[in-house]
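Before any comments, here is the structure.
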There are 2 protein chains.
Amino acid sequence: MPIRNTDQIMHKAAWLYYSHGLRQDEVAQKLGISRASVATYLRRARETGIVNISTSTELFTDDVLARELEDATGVTTAWIVPEDRQAMDPTAEMPVLAASVFLELINKGDRVGVAWGRTVYHIADVMPFADLRGVTVVQLCGNLGAPYSYRPDQCTTEIARRLNAEGINFYAPLVLSSERLAEELRGEPVIREQLSTIADCHLALYSVGGIEDDSHLVKCGALSADEMHRMGEEGAVGVIAGQLIDGDGQWVNCAHNRRCISADLGSIRAIEKRMLVVQEDSKFEPLMAALKGGFASHLVVTTSMARRVMERWQRDGLSKVHAATV
Amino acid sequence: MPIRNTDQIMHKAAWLYYSHGLRQDEVAQKLGISRASVATYLRRARETGIVNISTSTELFTDDVLARELEDATGVTTAWIVPEDRQAMDPTAEMPVLAASVFLELINKGDRVGVAWGRTVYHIADVMPFADLRGVTVVQLCGNLGAPYSYRPDQCTTEIARRLNAEGINFYAPLVLSSERLAEELRGEPVIREQLSTIADCHLALYSVGGIEDDSHLVKCGALSADEMHRMGEEGAVGVIAGQLIDGDGQWVNCAHNRRCISADLGSIRAIEKRMLVVQEDSKFEPLMAALKGGFASHLVVTTSMARRVMERWQRDGLSKVHAATV
DNA sequence: GCAACGATTTGACTTATGTCATGAGCGGTG
DNA sequence: CACCGCTCATGACATAAGTCAAATCGTTGC
């Protein structure tokens, strides 16, 4: 892309204002434009990530409950969104927090994986703009349309766009109608190659899905409610990157999973920073499964969810999950 | 340190204002305090690094001259401060730019080395505040007082303070009166251990010094002007972390260097990101030596200096310096 | 128990910033 | 070359943010 002159001016304005601390009228004078234009340039600079304003998320890790969760479950860092006090609506708060945490966890040059679901969609939607050229955002699961939210490729693209990162999509359906076709497609060089790069990610972002009738997979038509029930009988309790996991967080050898094109769960577990975000209280059992399966090194949950996890973890006398042991 | 209640409120205010985009009066209402207090908290949040505002330094790398310098010399990235246009005083601009670049190059968890000199002092002085717990700032050279600027340990400490990082100092003088004493002191476990950790740094920040009568080392009394002349006759052309280097950027086996306690030049060259900042035009020869010696992977200079380097580099038919080859 | 101090809060004021309707510039097009 | 459609620039106004002296609060020392 050619370097537009306005971009140059925008950069200069941002530099003088934010890095040198000049006032807008001083910047205007120095650049020979009106102050109103400076204000416009500055907004654009913020919107394009040339200027980056970030807030430490320490507020949410600075909590005894977070320490306890980390100590008990082996999660590296936990962020806890309070529900009690006057604060904010936790449903609105969590995506903002998750987006900030996500940005905190990215390093220059990283490859990051993004999965899909209502939660991820909301996070993408409030993701701040940043200047992270050199970062690559890859799609963790195959595509599936959803009437009320982004498709997986759109999530990836949107996040990449906001970060000024490169987005790598993955043009295969999430679920196919036959196991044979899924198998063949997985074997296709283009697909196989992309799936194999997932283990090289430094960071992954996902939520865990439930298996109720109103779960995301059912709502999007990947499975009928009946089929989902049957999967539940076969041991499925949650969904990670479109795939069903059992109570221990292991891949379920069921019809749906065999028909599914998505990141191998082993590849996901191999990722250094596995960021799991859970909003809904109804996702308690899936969350437990994901934790046992080692799918979270960085966890964002509500206070009540954190308490329930602690309780259950202790009741069942579970020990820490180490990435190495899973 | 105990978590003060005001810190908690400051965090919340910063979070609501910067991450949620509420206005100050909305934040005030939500926290049950006055808007004036919110403004105060927000300033403190910026000053303590809880809120981080950074500007991309792309403006300064986005220049054909920078590309040419990188291609010719093998420097990974060059930032070039323009002198011509109306812009800013380059002497004031460069420390601000260098500080921004420095922050851009740091990653979470890094160990970074900081040397000493007028330039480094000025950079420390304009370093923005950031929340970089987990980062360690180490002192690259022994201590020496200076009437008009910080001591090495003060530079390290100041930068660490602003970054909320850990500062590791190094309590030995830069120069001793006898070679024997320097040798013995270098052998002391405390000192030796600290010097040995320098090669583990991910990033180092320094300038290059000259050997004129008004050079930093002479002004600070480490050497007399006469002694410096003699060192020049022995081949010294510049100073890196208090030590004299010759025209090829190699350690000079001279009285001063043997009496000096500082990071081993080999350790410095082993650091992945070697950030070299040169302000004064008079430092051309020292800069050439430092470049040949492989002391810069990331370079911040003025336009005129960049031009001179390009000219000389081509005239002498020099080739790229690779970190691996030095 | 009270004086004295520092830290924090606030209301009232000043200053800076955001916004928007309007107009200017500019390249393409019939 | 006149028209359109676009982006960008600007002045004037509305709004938000910064500042400061004075008041309040909480702690410490005597």
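Lettering of chains follows the sequences in order, A, B, ..., and the numbering in each one begins at 1.
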Distance from B:Arg151 atom CZ to B:Thr156 atom OG1, nearest 0.5 Å?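 Reported to 0.5 Å precision, the distance equals 10.5 Å.
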Using a 4.0 Å heavy-atom cut-off, does B:Ile33 contact any base of the nucleic acid, only the sugar-phosphate backbone, or nothing at all? sugar-phosphate
Hey, is CD on B:Gln29 packed in by over 12 heavy atoms from elsewhere, all under 6.0 Å? no
Taking only side-chain N and O atoms of [X], does any of them lie within less than 4.0 angstrom of OP1 or OP2 on [N]?
X	N	value
A:Gln24	C:dG18	yes
B:Tyr41	C:dT9	yes
B:Ser37	C:dT10	yes

Tell me the interatomic distance from [X], atom [atom1], to [N], atom [atom2], rounded to whole angstroms.
X	N	atom1	atom2	value
B:Leu42	D:dG18	CG	C1'	11 Å
B:Asp25	D:dA17	CG	P	7 Å
A:Leu22	C:dA16	CG	P	12 Å
B:Glu26	D:dA16	CD	P	8 Å
B:Gln29	D:dA16	CD	C1'	16 Å
A:Leu31	D:dT10	CG	P	11 Å
A:Tyr17	D:dG18	OH	C1'	11 Å

Among the candidates C:dT17, D:dG18, D:dA12, find the nucleotide nearest to the side-chain atoms of A:Arg23.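 It is C:dT17.
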Looking only at side-chain atoms of A:Arg46, point me to the closest of C:dT8, C:dG11, C:dG18. C:dG18
Is it true that A:Ser100 and A:Thr57 share a donor-acceptor pair across their side chains at a distance under 3.5 Å?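 No pair is found: no donor N or O on one side chain lies under 3.5 Å from an acceptor on the other.
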Could you verify whether a donor N or O on one side chain and an acceptor N or O on the other, from A:Thr55 and B:Ser19, lie under 3.5 Å apart? yes
State whether A:Glu311 and A:Arg307 are salt-bridged, where the test is any N-O pair (Lys NZ or Arg NE/NH1/NH2 against Asp/Glu carboxylate O) under 4.0 Å. no
Under the 3.5 Å rule, do the base of D:dG18 and the side chain of B:Arg35 count as making a donor-acceptor pair? yes
